[in-house]
Colleague: 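Questions regarding the structure given below will be posed in turn.
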Amino acid sequence: MDTALNFYNYCIKRSGSELNNYKKTIFFKGLIKEIDDKLQSIDSKYLFTMEDLPQGTEISCGNINYLVMTRNEKVNGVYYKYTIQKEPYFINFISGGVLQRIPSIIETKTIDVQTGQSIILPIGKVIVTISRNNTTDKIAMNDRFITMGSAWKTSGLDKSLDGIIKVNANMDETASIDDLVNEIPNNAQKPSYSFIISPNPISIKKGQTQQLTVVLNQNGIKVKNPTLIYTSSDTSIITVDSNGLVTGINEGSCNIDITYHGDYDTSSTSINIEVAAVAEHNYVISVSPDNILLDIGKIQQIISSVTDKGTAISSPTLTYSSDNTAVATVNNTGLVTGISVGTANITVSYVGEDGNTYSKTIPIVINAVVAKTIAITSTATNPNKIKVNNTQNYTITETSNENIVNDTFTLTESGCDPSYYSLTVIDNNNFSITNLKGDGTEYLTITVTSATNATVSGSIKIRLAGRW
């Protein structure tokens, strides 16, 4: 194989030709070799190349067009061998109502399949061989064309060969609307193209991207899936990929050229794009809470904000993501849900006007669901008894998994006439009771309930004692 490859490369280097497909979207090298033609009117050759070409492909070598007449035949597992035929004519077919100038092979002879000898066709009959594609597939019976100074009408369409159409045609009378000089039948009009580009106009900033959307119309009818080539007039300012995605590289202005390659014609347009300088930024993301402890099934809302140089950004577009969705998930508004026991990180991201992404990470611990408890304690020797005219302080503590939980609470009193005592809330976790006139027969019950989970509560029963 190496020997065959080396020999092929030697031949290409010495006698190879630069080739391309007819649309000039594929470029490759090949070796063209003359062969004896059974039909002297047909110029046939061998083509040796590394390029895998389907039968019926139209290729060009310089200003000469050829049609691949055979399927690929791989030689020594290295290169392909094809038979190609020169297309010396251009025929203006009216394909699907649109005039198309199509490279063609015109034969006035054919081969007898039994004897292998050439047979001259009757006068007034020709066989035109062309590539089969979306355009030529629209050629129909009784379509007219003009070549060799005469008008012709299709009488048969042979599509039995992959990628090739053989058009049988009979000579036809010329009409007054035929243009014999330019070989245009029926006063047919050449295709006209229009481009609709959006967005337009375009102004982007350095580092930003913009997707171009192009709609192409041929004679007012939208072309489906057109082959478009995008090129930038100055890649130091703007680059564009094969799908029309534009990227601003540096401040300035340049054009994006858009070229349509049909089967047999091209059309192009351009759009000017301005790239603006990017202002200096100093983005800061703030989040609350900055760490989260949750039980399985519980939720927590993240509140996020963004400032630039200390100034708040109104309605910033933020994205939220979890690095372990099996443990905790987060939706697009920052609502976190505990899924299973473990740890995860929630990342809050913001894309600035400079094109950079800024982020803040919030660590999360998800615990198994356990019963939370609220304890009411006091440093007094007997928390359950207060002497008359005395005040006693109490502390509220909520725990989960032996960890203290930050929460808010509501306090309710029961069991005793309010005139016997006074209740003072010191802060969220502390309160005091003063025995105003208790004589030992009154009992006050204080119940503390979680403001976030009404099922979690605790209570203490206190005797309002007299003097002793």
Colleague: Find out whether Ile202 and Ile271 are in side-chain contact, i.e. whether some heavy atom of one side chain is under 4.5 Å from a heavy atom of the other.
Modeller: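 Contact flag for Ile202/Ile271 side chains = yes.
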Colleague: Check step by step if side-chain contact (heavy atoms from CB on, under 4.5 Å) holds for Val246 and Leu212.
Modeller: CA-CA 7 Å; Val246 174; Leu212 298 180; 3.8 Å; yes
Colleague: How long is the span from the CD1 atom in Ile106 to the OG1 atom in Thr108, to the nearest 0.5 Å?
Modeller: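 So the CD1 of Ile106 and the OG1 of Thr108 are separated by 9.5 Å.
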Colleague: Is the count of non-hydrogen atoms from other residues, nucleotides or ligands lying under 6.0 Å from Ile177 atom CD1 greater than 12?
Modeller: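 Check passes, neighbour count above 12.
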Colleague: So does Lys206 pair up with Glu251, basic N to acidic O under 4.0 Å?
Modeller: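 Looking at Lys206 and Glu251, the cut-off is not met.
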Colleague: Do other residues, nucleotides or ligands put more than 12 heavy atoms under 6.0 Å from the CG atom of Asn225?
Modeller: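 No - once you tally the heavy atoms of other residues, nucleotides and ligands closer than 6.0 Å, there are 12 at most.
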Colleague: When you compare the side chain of Asn324 with that of Asn345, does any pair of heavy atoms fall below 4.5 Å?
Modeller: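 SC-SC contact between Asn345 and Asn324 ruled out.
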Colleague: Is there a donor-acceptor contact under 3.5 Å linking the side chains of Ser160 and Asp158?
Modeller: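 Their side chains do contain a donor-acceptor pair, which is all the 3.5 Å distance test asks for.
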Colleague: So does Asp137 pair up with Lys159, basic N to acidic O under 4.0 Å?
Modeller: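 Counted as a salt bridge, because a side-chain N and a carboxylate O are separated by less than 4.0 Å.
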Colleague: Looking at Arg71 and Asp162, is any side-chain nitrogen of the basic one under 4.0 Å from a carboxylate oxygen of the acidic one?
Modeller: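 Yes, Asp162 and Arg71 are salt-bridged.
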Colleague: Taking atom NZ of Lys45 and atom SG of Cys61, what is their separation to the nearest 0.5 Å?
Modeller: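 Going from NZ on Lys45 over to SG on Cys61, the span is 9.5 Å.
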Colleague: Are Tyr89 and Ile102 side-chain neighbours, meaning at least one heavy-atom pair lies under 4.5 Å?
Modeller: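 Contact flag for Tyr89/Ile102 side chains = no.
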Colleague: Has the side chain of Tyr283 got a donor or acceptor atom that lies under 3.5 Å from a matching backbone atom of Glu353?
Modeller: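 Confirmed, Tyr283 side chain pairs with Glu353 backbone.
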Colleague: Within the side chain of Gln218, is there an N or O that forms a donor-acceptor pair under 3.5 Å with the backbone of Leu216?
Modeller: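 No; judged by distance alone, with no hydrogens or angles, the pair does not exist.
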Colleague: What's the verdict on side-chain contact (heavy atoms from CB on, under 4.5 Å) for Ser253 and Asn272, showing C-alpha distance, side-chain angles and the deciding distance?
Modeller: CA-CA 7 Å; Ser253 173; Asn272 183 264; 3.0 Å; yes
Colleague: Just checking, any donor-acceptor pair under 3.5 angstrom between side chains of Ser400 and Asn403?
Modeller: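 No - no donor-acceptor pair under 3.5 Å links their side chains.
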Colleague: Is there a donor-acceptor pair closer than 3.5 Å between any side-chain N or O of Thr57 and the backbone N or O of Pro54?
Modeller: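 Side chain of Thr57 to backbone of Pro54, a donor-acceptor pair under 3.5 Å: yes, one is there.
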Colleague: Judged by modelled atom types alone, do Asn428 and Thr408 share a side-chain donor-acceptor pair under 3.5 Å?
Modeller: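 The criterion, which ignores hydrogens and geometry beyond distance, is not satisfied for Thr408 and Asn428.
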Colleague: Has the side chain of Asn250 got a donor or acceptor atom that lies under 3.5 Å from a matching backbone atom of Ser236?
Modeller: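 Yes, Asn250 side chain to Ser236 backbone: donor-acceptor pair under 3.5 Å.
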Colleague: Establish, from distance only, whether the side-chain atoms of Lys125 and Asn170 form a donor-acceptor pair under 3.5 Å.
Modeller: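 Yes, side-chain donor-acceptor contact under 3.5 Å.
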Colleague: Quick check: are there more than 12 heavy atoms from other residues, nucleotides or ligands sitting under 6.0 Å from CG of Leu335?
Modeller: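 Count over threshold, so yes.
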Colleague: With heavy-atom distances below 4.5 Å as the criterion, would you say the side chains of Asn291 and Ile364 are in contact?
Modeller: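 Asn291 vs Ile364: side chains apart.
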Colleague: Using 0.5 Å steps for rounding, measure from the CD1 atom of Ile404 to the OG1 atom of Thr399.
Modeller: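 The CD1 atom of Ile404 sits 8.0 Å away from the OG1 atom of Thr399.
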Colleague: Treating Ser359 as the side-chain partner and Thr347 as the backbone partner, does any N or O pair qualify as donor plus acceptor under 3.5 Å?
Modeller: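 Not confirmed, Ser359 side chain does not pair with Thr347 backbone.
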Colleague: Please examine the side chains of Ile197 and Thr213, heavy atoms only from C-beta on, and report whether any two atoms are closer than 4.5 Å.
Modeller: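 No. Closest side-chain heavy atoms not under 4.5 Å.
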Colleague: Taking the six-membered ring of Phe48, is NZ or CZ of Lys33 closer than 6.0 Å to its centre and within 45° of its axis?
Modeller: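 No - Lys33 does not lie over the ring of Phe48 by the 6.0 Å and 45° rule.
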Colleague: So does Asn282 get a backbone contact from the side chain of Asp308, meaning a donor-acceptor N/O pair under 3.5 Å?
Modeller: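 Flag set: sc Asp308 to bb Asn282 pair under 3.5 Å.
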Colleague: Side-chain contact, heavy-atom cut-off 4.5 Å: Val275 with Ile238?
Modeller: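 Side-chain contact under 4.5 Å: yes.
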Colleague: Which one of Asn9, Ile12, Val78 satisfies the side-chain contact (heavy atoms from CB on, under 4.5 Å) criterion with Met50?
Modeller: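 Per the side-chain contact (heavy atoms from CB on, under 4.5 Å) rule, the option paired with Met50 is Val78, out of Asn9, Ile12, Val78.
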Colleague: With the side chain counted from C-beta on, respond yes when Asn186 and Arg144 share a heavy-atom pair under 4.5 Å apart, and no when they do not.
Modeller: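 They are in side-chain contact.
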Colleague: Do Ile339 and Val327 have side chains that approach each other closer than 4.5 Å (heavy atoms only, starting at C-beta)?
Modeller: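 No, their side chains stay 4.5 Å or more apart.
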Colleague: For Asp143 and Thr154, test the side chains for any donor-to-acceptor distance below 3.5 angstrom and give the result as yes or no.
Modeller: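 Looking only at side-chain atoms, Thr154 and Asp143 do not form any donor-acceptor pair under 3.5 Å.
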Colleague: Stepwise, does the side chain to side chain donor-acceptor pair (under 3.5 Å) test hold for Glu398 with Thr373?
Modeller: CA-CA 6 Å; Glu398 182 178 345; Thr373 60; over 6 Å; no
Colleague: For the aromatic rings, using the six-membered ring if either is Trp, is the centroid distance between Tyr193 and Tyr260 under 6.0 Å?
Modeller: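 Tyr193 vs Tyr260: aromatic centres under 6.0 Å.
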Colleague: So, do Phe145 and Phe93 have ring centers that fall under 6.0 Å from each other?
Modeller: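 Phe145 vs Phe93: aromatic centres under 6.0 Å.
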Colleague: I'd like to check the side chain to side chain contact (heavy atoms under 4.5 Å, CB included) partners of Asn21; sequence neighbours left out, ordered by chain and number.
Modeller: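 Here the qualifying residues are Lys23, Thr25, Ile26.
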Colleague: Verify, without hydrogens or angle tests, whether Asp241 (side chain) and Asn243 (backbone) share a donor-acceptor contact under 3.5 angstrom.
Modeller: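 Side chain of Asp241 to backbone of Asn243: a pair is present.
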Colleague: We want to know whether Glu107 and Thr129 form a side-chain donor-acceptor pair, criterion being a heavy-atom distance below 3.5 angstrom.
Modeller: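 Indeed, the side chains of Glu107 and Thr129 share at least one donor-acceptor pair under 3.5 Å.
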Colleague: Please give me the minimum heavy-atom distance between Ser457 and Thr449, naming the atom from each residue.
Modeller: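 Heavy atoms only, the tightest pair is CB-OG1, 3.8 Å.
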Colleague: Is the side chain of Ser233 donor-acceptor paired with the backbone N or O of Asn255 at a distance under 3.5 Å, no angle test?
Modeller: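 Flag set: sc Ser233 to bb Asn255 pair under 3.5 Å.
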Colleague: With distance as the sole test, does Thr70 use its side chain to make a donor-acceptor pair with the main-chain N or O of Thr83 at under 3.5 Å?
Modeller: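 Yes: the side chain of Thr70 pairs with the backbone of Thr83.
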Colleague: Is Phe195 atom CZ crowded by more than 12 heavy atoms from other residues, nucleotides or ligands, each under 6.0 Å away?
Modeller: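 For Phe195, atom CZ is crowded (more than 12 foreign heavy atoms under 6.0 Å).
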Colleague: side-chain contact (heavy atoms from CB on, under 4.5 Å) with Glu183: which of Thr147, Ile91, Asp178?
Modeller: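 With Glu183 as partner, side-chain contact (heavy atoms from CB on, under 4.5 Å) holds for just one option, Thr147.
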Colleague: Using distance alone, with no hydrogens and no angle criterion, decide if Ser304 and Tyr320 have a side-chain donor and acceptor under 3.5 Å apart.
Modeller: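 A pair is found: one side chain offers a donor N or O, the other an acceptor, under 3.5 Å apart.
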Colleague: Output yes when a side-chain donor or acceptor of Tyr82 lies under 3.5 Å from a complementary backbone atom of Leu53, and no otherwise.
Modeller: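 Confirmed, Tyr82 side chain pairs with Leu53 backbone.
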Colleague: Is a side-chain donor-acceptor pair under 3.5 Å present for Asn182 with Asp179?
Modeller: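 Yes, Asn182 and Asp179 have a side-chain donor paired with an acceptor closer than 3.5 Å.
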